[in-house]
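All remarks here apply to the structure that follows.
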Amino acid sequence: MSEYERGYSEGTDKETERMIETGSVTKKTAGGHYIHCLTVIGQVEGHYILPEHNKTTKYEHVIPQLVAIEEDPEIEGLLILLNTVGGDVEAGLAIAEMVAGMSKPTVSMVLGGGHSIGVPLAVSANTSFIAPTATMTVHPIRMNGLVLGVPQTFSYFNRMQERITGFVSENSKISAERFRELMTKTGDLVTDVGTVLGGEDAVREGLIDHLGTLSDSMKELYRLIDEKKSSEELTERPAPKEEL
């Protein structure tokens, strides 16, 4: 094996290992763009370790990645692929807040499902897409384990819910009032309150920006990257000198 082949093999092995461990990959596209793809699948794992048979996205893996993406001068944009049933509220909100605060262009794509805390994750990007066959479940927050039946508990639930509602309404076209209405709707879910939105419904409600495919989301990310580059070039261009 030549030195080139050995180096390529080692690089490929490391990339494959990272994909398996973190569900992410960084690639240079044919158009010359250097983008990072992050997947959020299964259940968002937060402060408690879930059983081994659960498919999880670990927030302690995702948060350092987002910092590295923001600080890496070569990476120009972030594509987030979502197929999640939800999970830890604080962990999901932490990831969503970081994505929303990034200076680099971001695009999200809901494939399969973007349920529960997956909703804030989907709307945190600059532009969001959803597949026609995908669904999103909007419902109030829940808590596992011991719950004290005291007014303070309900106050805590309400404040946590308002954090989610405020974030979603600020990062999408849906109003806070309409989002609350969808969360507390009865009759749509068999044993629960809430609403299941198909792809077209999610766009119609203003929760997601566009109905589309993976190629559509990639094209939008390239467009945002080119737009940012053009804006930076205009800013850096020196002003013409005035002569007497």
Side-chain angles (χ1 to χ4, degrees), residues 4-5 7-41 44 57-59 61-84 92 94-112 114 118 120-134 171-173 199 202-203 207-238:
Y4 173 79
E5 289 174 329
Y8 177 80
S9 176
E10 289 176 358
T12 303
D13 290 343
K14 289 180 181 178
E15 188 175 282
T16 303
E17 185 178 333
R18 187 176 68 171
M19 287 176 63
I20 294 171
E21 182 69 22
T22 65
S24 66
V25 64
T26 304
K27 283 291 183 182
K28 190 168 186 178
T29 68
H33 296 299
Y34 202 55
I35 66 170
H36 186 91
C37 176
L38 172 70
T39 59
V40 178
I41 60 169
V44 178
T57 296
K58 301 179 185 296
Y59 87 123
H61 288 172
V62 176
I63 289 177
Q65 281 186 71
L66 294 176
V67 174
I69 294 163
E70 179 70 12
E71 291 300 308
D72 193 328
E74 291 189 346
I75 297 177
E76 299 172 300
L78 172 66
L79 175 68
I80 306 170
L81 301 180
L82 290 153
N83 188 4
T84 176
I95 296 170
E97 287 281 11
M98 290 193 70
V99 173
M102 294 182 73
S103 64
K104 296 184 178 181
T106 55
V107 172
S108 65
M109 177 79 196
V110 180
L111 300 162
L121 289 168
V123 304
S124 63
N126 298 138
T127 308
S128 56
F129 285 83
I130 187 169
T133 57
N171 290 276
S172 69
K173 299 181 182 72
V203 175
L207 197 57
I208 298 296
D209 296 321
H210 306 289
L211 194 72
T213 62
L214 177 61
S215 62
D216 295 325
S217 61
M218 297 286 283
K219 288 175 184 176
E220 173 64 11
L221 184 57
Y222 301 155
R223 187 190 71 78
L224 291 174
I225 290 171
D226 292 337
E227 190 178 86
K228 187 173 186 292
K229 283 183 177 179
S230 299
S231 176
E232 289 175 347
E233 287 173 1
L234 287 173
T235 304
E236 293 173 1
R237 188 177 300 169

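Numbers here simply count residues along the sequence, with the first being 1.
- Atom CG of residue L111 and atom OG1 of residue T133 lie 8.0 Å apart, to the nearest 0.5 angstrom.
- Nearest approach of M109 to G212, heavy atoms of both residues: CE-O, 3.2 Å.
- A donor-acceptor pair is defined here as one N or O able to donate and one able to accept, closer than 3.5 Å; such a pair exists between the side chain of S108 and the backbone of A122.
- A heavy-atom distance below 4.5 Å is not found between the side chains of S128 and V107.
- Between M102 and M98, the closest heavy-atom pair is CG-O, 3.1 Å.
- Side chain to side chain, Q65 and H36 meet the donor-acceptor criterion of an N or O pair below 3.5 Å.
- Residue K219 holds its NZ atom at 14.5 Å from CG of L224, rounded to the nearest 0.5 Å.
- The pair K229-E232 does not count as a salt bridge, with every side-chain nitrogen at least 4.0 angstrom from each carboxylate oxygen.
- No side-chain donor-acceptor contact under 3.5 Å links S124 and E97.
- Two residues are said to be in side-chain contact when any heavy atoms from C-beta on lie closer than 4.5 Å; C37 and L81 meet this criterion.
- With hydrogens and angles disregarded, no donor-acceptor distance shorter than 3.5 Å links the side chain of K58 to the backbone of V44.
- Using a 4.5 Å heavy-atom threshold, the side chains of H210 and D216 count as separate.
- Nearest heavy atom pair, residue P120 against residue A96, reads O-CB, 3.8 Å.
- Nearest heavy-atom pair, N171 versus A100, reported as atom, atom and distance to 0.1 Å: OD1-CB, 3.9 Å.
- In terms of modelled atom types and a separation under 3.5 Å, the side chain of E70 and the main chain of S103 share a donor-acceptor contact.
- From L78, atom CG reaches atom CG of L221 across 7.5 Å, with rounding to the nearest 0.5 Å.
- Put simply, the side chain of E76 gets close to the backbone of Y34: a donor and an acceptor are under 3.5 Å apart.
- A donor-acceptor pair under 3.5 Å is absent between the side-chain atoms of D209 and the main chain of F129, judged by distance alone.
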Report the C-alpha distance between D226 and H33 in whole Å, list the side-chain angles of each, state the deciding distance to 0.1 Å, and finish with yes or no for side-chain contact (heavy atoms from CB on, under 4.5 Å). CA-CA 9 Å; D226 292 337; H33 296 299; 2.9 Å; yes
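- The structure places CG of L38 at 6.0 Å from CD1 of I69, a figure rounded to the nearest 0.5 Å.
- Between L66 and V99 the shortest side-chain heavy-atom distance falls below 4.5 Å.
- Taking all atoms of both residues into account, the shortest heavy-atom contact from G199 to I130 is O-CG2, 3.6 Å.
- Judged by distance alone, the side chain of S231 and the main-chain N or O of E227 form no donor-acceptor pair under 3.5 Å.
- Between T84 and G118, the closest heavy-atom pair is CG2-CA, 3.8 Å.
- At a threshold of 4.5 Å between non-hydrogen side-chain atoms, the residues L82 and L121 count as touching.
- A 4.5 Å side-chain heavy-atom check between I75 and I35 finds every atom pair outside the cut-off.
- Side-chain contact between K173 and L207 is absent, with no heavy-atom pair separated by less than 4.5 Å.
- Considering OG1 of T39 and CG of N83, their distance stands at 10.0 Å, rounded to 0.5 Å.
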